[in-house]
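Report on one structure; see the data block that follows.
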Amino acid sequence: MTARSSLADHLLALELALQSREVRGSEQKLRELLAPEFGRSGLAYTFDDIVTRLVAETGPNNTSISDFSATMLSDTIALATYRGTRINDDGSQLFANRSSIWRLDPDGKWRMVFHQGTATE
């Protein structure tokens with residue numbers, strides 16, 4: 001396995017973890033994976049804002065990831081891109097092209113520092 005595919009596998013596992021109810025409901029697990037990020041409104045959210053919103057989510061976890069890739073932008077910064085799918089309660093599907101910027105911190109853990117999703121057909 002190459003370093004590039006190993007990184008992609010690792011970042012995919014982190015993205016999938018962030019979609020899980022177990023991680024989204026745990027402040028400790030979120031602190032391990034998230035750094036402050038920007039929301040779609042262009043406003044900066046504090047870490048506490050993000051954690052509060054994610055921990056408060058309810059309902060089933062009806063999301064999936066496809067077409068995942070990761071590209072190193074520097075020695076400690078990686079860009080992950082993928083297509084996200086969410087299935088609504090009525091069975092309809094929402095699709096989005098998503099991108100995340102991950103940073104390898106001095107403690108050796110990768111943390112998401114930015115995430116964006118753009119709705120698509």
Side-chain angles (χ1 to χ4, degrees):
M1 181 179 292
T2 67
R4 184 178 207 161
S5 65
S6 179
L7 173 65
D9 291 343
H10 183 68
L11 293 181
L12 174 58
L14 296 178
E15 291 277 359
L16 289 167
L18 281 170
Q19 290 187 2
S20 75
R21 227 11 107 213
E22 176 186 355
V23 170
R24 291 173 92 86
S26 168
E27 182 175 343
Q28 178 183 351
K29 290 177 182 180
L30 290 170
R31 285 189 182 279
E32 292 176 10
L33 294 172
L34 295 178
E37 66 176 325
F38 292 91
R40 69 175 182 210
S41 65
L43 299 175
Y45 291 98
T46 67
F47 179 78
D48 289 336
D49 292 336
I50 295 164
V51 170
T52 299
R53 290 170 187 255
L54 293 176
V55 171
E57 286 183 350
T58 60
N61 184 20
N62 295 327
T63 60
S64 64
I65 290 176
S66 60
D67 302 325
F68 187 89
S69 68
T71 303
M72 290 299 296
L73 301 177
S74 76
D75 290 342
T76 59
I77 303 293
L79 171 66
T81 58
Y82 61 93
R83 182 169 170 87
T85 303
R86 184 176 72 199
I87 301 173
N88 294 318
D89 292 339
D90 65 3
S92 63
Q93 295 181 338
L94 295 176
F95 301 99
N97 291 327
R98 298 194 167 273
S99 59
S100 303
I101 297 176
W102 290 85
R103 179 184 65 217
L104 181 60
D105 284 342
D107 64 2
K109 293 183 180 181
W110 285 94
R111 289 188 175 84
M112 182 186 286
V113 297
F114 179 81
H115 181 80
Q116 180 177 347
T118 303
T120 185
E121 294 297 317

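We're numbering straight along the sequence, starting at 1.
In the hydrophobic clustering of this structure, Y82 does not group with I87; members are Ile, Leu, Val, Met, Phe, Trp, Tyr whose side-chain heavy atoms approach within less than 4.5 Å, directly or through other members. Note: the hydrophobic cluster containing L12 also contains M72 (ILVMFWY, side chain heavy atoms under 4.5 Å, direct or indirect links).
For the residue pair Q19/T63, the side-chain donor-acceptor check at 3.5 Å is satisfied.
W102 is listed as a side-chain neighbour of L14, based on a closest heavy-atom distance under 4.5 Å. Side chains of L54 and L34 form a contact here, defined as non-hydrogen atoms less than 4.5 Å apart. Counting heavy atoms from C-beta on, the side chains of R98 and Q116 never come closer than 4.5 Å.
Scanning both residues, A78 and L11, for their nearest heavy atoms gives CB-CD1, 3.7 Å. Closest heavy-atom contact between F68 and A8: CE2-O, 3.3 Å. What you find for W110 and L7 is that their closest heavy atoms are CZ2-CD1, 3.6 Å.
N97 contributes atom CG, which lies 5.0 Å from atom OG1 of T120 (distance to the nearest 0.5 angstrom). Taken from CZ in R31 to OG in S26, the straight-line distance is 10.5 Å, to the nearest 0.5 Å. Atoms CE and CD1, from M112 and I50 in turn, are 9.5 Å apart once rounded to the nearest 0.5 Å.
For L79, the side chain to side chain contact (heavy atoms under 4.5 Å, CB included) partners at least two apart in sequence or on another chain are L73, T81, S99, I101. Residues meeting the side chain to side chain contact (heavy atoms under 4.5 Å, CB included) test with S92, sequence neighbours left out: N88, D90. Checked against salt bridge (Lys or Arg N to Asp or Glu O under 4.0 Å), E32 has no partners two or more places apart in sequence or in another chain. With sequence neighbours excluded, the residues satisfying side chain to side chain contact (heavy atoms under 4.5 Å, CB included) with A17 are V23, L33. When the side chain to side chain contact (heavy atoms under 4.5 Å, CB included) test is applied to D67, the partners found at least two apart in sequence or on another chain are R83.
Checking side-chain atoms of R24 against main-chain N and O of L18 turns up a donor-acceptor pair under 3.5 Å.
Applying the salt bridge (Lys or Arg N to Asp or Glu O under 4.0 Å) test to every pair with at least one member in residues 106-121, sequence neighbours left out, gives these pairs: D105-R111, D107-R111.
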Show your working on side chain to side chain contact (heavy atoms under 4.5 Å, CB included) between T85 and L94 and close with a plain yes or no.
-> CA-CA 6 Å; T85 303; L94 295 176; over 6 Å; no

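Applying the 6.0 Å contact sphere to CD of Q93 captures more than 12 heavy atoms from other residues, nucleotides or ligands.
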